[in-house]
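Worksheet: one structure, shown below.
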Amino acid sequence: MPIDESSLSVLTRSRSATIRARLLAWYDASRRDLPWRRDPPDPYHIWVSEVMLQQTQVATVVPYWRRFVRRFPDVQSLAAAPIEEVLRAWGGLGYYRRAHQLHAAARELAARGGTFPRDVPALERLPGIGRYTAGAIASIAFGRRAALVDGNVARVLSRAFHPLSGAGDAEQRADCWRIAERLVPAERPGDFNQALMELGATCCTPAAPRCADCPLRRSCAARRAGVQDRVPPARRRLAASTVEVVALVALRRGEVLLERRPAGGLWAGLWDVPSEVAAGASADEVRGALERLASRVGVAPSACRPVGEIRRTLTHRRLRFHVYVAWVDRRVRRDGWRWAKQSLDGIGVSRAAQAVLELVRRGGAVRATARQPARRD
DNA sequence: AATACGGGGTC
DNA sequence: GACCCAGTATT
């Protein structure tokens, strides 16, 4: 693809040099102390961190990353572990496909001796590694001159080089990649990329950017034009429709029935409280879902007592869980089922399942326990 | 080009 | 609530 001069004409050699120098100086003075930032960097540590950081904020990732690398200290230990263990470590973090892909990639790497690919094209061939993550690993772990653009970098560059030449969202993102490829220096490319991202995360924020603290304030076109608060434009989001879900917490002597979620789709491969999606929000439709669910679990619908509702909002849909609890007589064993302590003891489940179980612990279970003898005639 | 995919931070 | 986050893969 030819260089788009209209978007790059403002990127002179001297301006590039100034931006690099100011950014790196700022980074040296104020970079955060993150656990995967070691000297020299451990490629496995960087890889795990970058996958966890996909669409997930640093503060959320840090405790998960610590537990994960303690449990799986290297590619070999990750490859040797069953996916079940990996999902347990990932449980609650979200976007579980990342865990499946990380595991699959670890097995590919272990099968060819455990050495990491060092260049962007080879990295991109691994599952779960796209253009961004490949650039991050190549530059941060291996010191390659590779560019990257994430949400932070796109915001910083959109402002600094305002207006970009592209018309739509995708075109502007492409502009950012072109600028980033030009800007990234041969010396310290990893630090430069991290500086760009960290500037976006801590200074050049979506709302109310702290321009007074910004190392690029003198050369920021959006600030000069006074539009830094409106650039880039907010992405508009689909209004998520609500899905009604009936969940049944089946109890037996302090144990709870869990079901494994199917591969692919929401919460793929995680353990979950058995549930059924209702055809709609009407009482009849919710009732129908409860009947299907009770039949699947092997209890009478009349034995299922409502204990309350849980709402969860995901990116693309809202879920309302109608939570029921039932006591069962027999500890039925079945493929894809397991009986677990209500504390779960480290079984990987989603936050939604945690919330459902928490509701039962706090509300339903106490009452239901008191009633239990009466229900066992 | 649009959509699925979680969960939490922040205003 | 809206909007975003060190995105990727699929359709």
Side-chain angles (χ1 to χ4, degrees), chain A residues 31-32 34 36-37 46-65 87 90-102 104-105 123-137 139-141 146-156 167-171 173-174 176-177 180 190-202 204-209 229-230 232-241 243 261 263-270 272 310-319 348-355:
Chain A
R31 72 190 201 173
R32 291 175 288 185
L34 302 178
W36 48 85
R37 285 183 177 164
I46 298 300
W47 175 39
V48 173
S49 76
E50 288 301 340
V51 174
M52 286 188 169
L53 285 163
Q54 290 166 5
Q55 291 290 285
T56 310
Q57 294 184 344
V58 169
T60 303
V61 163
V62 167
Y64 280 90
W65 185 89
L87 288 173
W90 208 275
L93 189 58
Y95 284 155
Y96 298 93
R97 184 166 57 182
R98 296 182 295 177
H100 290 278
Q101 290 170 326
L102 191 74
L123 285 163
E124 274 196 89
R125 276 181 234 122
L126 288 170
I129 299 184
R131 192 177 180 187
Y132 161 80
T133 305
I137 296 173
S139 63
I140 298 169
L148 60 78
V149 174
D150 71 335
N152 291 307
V153 174
R155 186 170 53 255
V156 170
D169 205 62
E171 291 81 3
R173 188 57 77 113
C176 289
W177 275 99
D191 283 348
F192 176 83
N193 285 334
Q194 293 183 85
L196 217 39
M197 293 190 282
E198 192 140 324
L199 187 70
T202 65
C204 193
T205 48
D229 283 298
R230 300 195 295 279
R235 295 177 30 87
R236 64 178 208 80
R237 211 159 273 280
L238 307 63
S241 56
V243 176
R261 307 261 326 167
L266 199 59
W267 300 310
L270 290 178
D272 194 17
I310 297 283
R311 291 163 199 268
R312 309 288 302 177
T313 301
L314 311 182
T315 305
H316 56 297
R317 78 183 66 153
R318 300 164 191 224
L319 302 175
V349 303
S350 69
R351 284 278 186 246
Q354 289 176 29

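Here is the naming used below: chain letters follow the sequence lines, and residue numbers restart at 1 for every chain. Everything numeric here is computed off the predicted structure, so don't read it as measured data.
On the P atoms, dG6(B) is 16 Å away from dT11(C), given to the nearest whole Å. Straight-line distance between the P atoms of dA4(B) and dA6(C): roughly 24 Å, to the nearest whole Å.
Asp169(A) is linked by a salt bridge (charged side-chain N to carboxylate O under 4.0 Å, His left out) to Arg235(A), counting only residues two or more places apart in sequence or in another chain. By the salt bridge (charged side-chain N to carboxylate O under 4.0 Å, His left out) test, Glu198(A) is found to be paired with Arg32(A), Arg37(A), residues two or more places apart in sequence or in another chain being considered. The salt bridge (charged side-chain N to carboxylate O under 4.0 Å, His left out) check on Arg125(A) picks up nothing, with sequence neighbours excluded. In this structure, the salt bridge (charged side-chain N to carboxylate O under 4.0 Å, His left out) partners of Asp191(A), at least two apart in sequence or on a different chain, are Arg31(A), Arg188(A).
The residue Ala207(A) sits apart from the nucleic acid: no heavy atom pair falls under 4.0 Å. Using a 4.0 Å heavy-atom criterion, one finds that Gly168(A) contacts no nucleic acid atom at all.
Between the CG atom of Leu314(A) and the P atom of dG9(B) there is a distance of 16 Å, given to the nearest Å. To the nearest angstrom, P of dG7(B) lies 12 Å from CZ of Arg317(A). Taking atom NE2 of His100(A) as the reference point, atom C1' of dA4(B) lies 14 Å away to the nearest angstrom. Atom-to-atom, CZ of Arg98(A) to P of dA4(B) comes out at 18 Å; the value is rounded to the nearest Å. Rounded to an integer number of Å, the gap from Asp229(A) CG to dC3(C) P is 15 Å.
With contacts defined as side-chain heavy-atom distances shorter than 4.5 Å, the pair Trp47(A)/Leu123(A) does not qualify. The closest side-chain heavy-atom distance from Tyr132(A) to Leu53(A) is not below 4.5 Å.
Distances shorter than 4.0 Å separate none of the side-chain N or O atoms of Trp90(A) from OP1 or OP2 on dG6(B). OP1 or OP2 of dC5(B) sits under 4.0 Å from a side-chain N or O of His316(A).
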Produce a footprint string for nucleotides 5-11 of chain C: one letter per nucleotide, 5' end first; B if the base is under 4.0 Å from any protein heavy atom, S if only the sugar-phosphate is, - if neither. BBBBS--
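Annotation: side chain to side chain donor-acceptor pair (under 3.5 Å) contacts involving residues 52-65 of chain A, sequence neighbours excluded, comprise Gln54(A)-Thr133(A), Thr56(A)-Arg98(A), Tyr64(A)-Arg351(A).
Both Arg312(A) and Gly264(A) lie close to DNA chain B; mapped to their nearest nucleotides by heavy-atom distance, the more 5′-ward contact belongs to Gly264(A).
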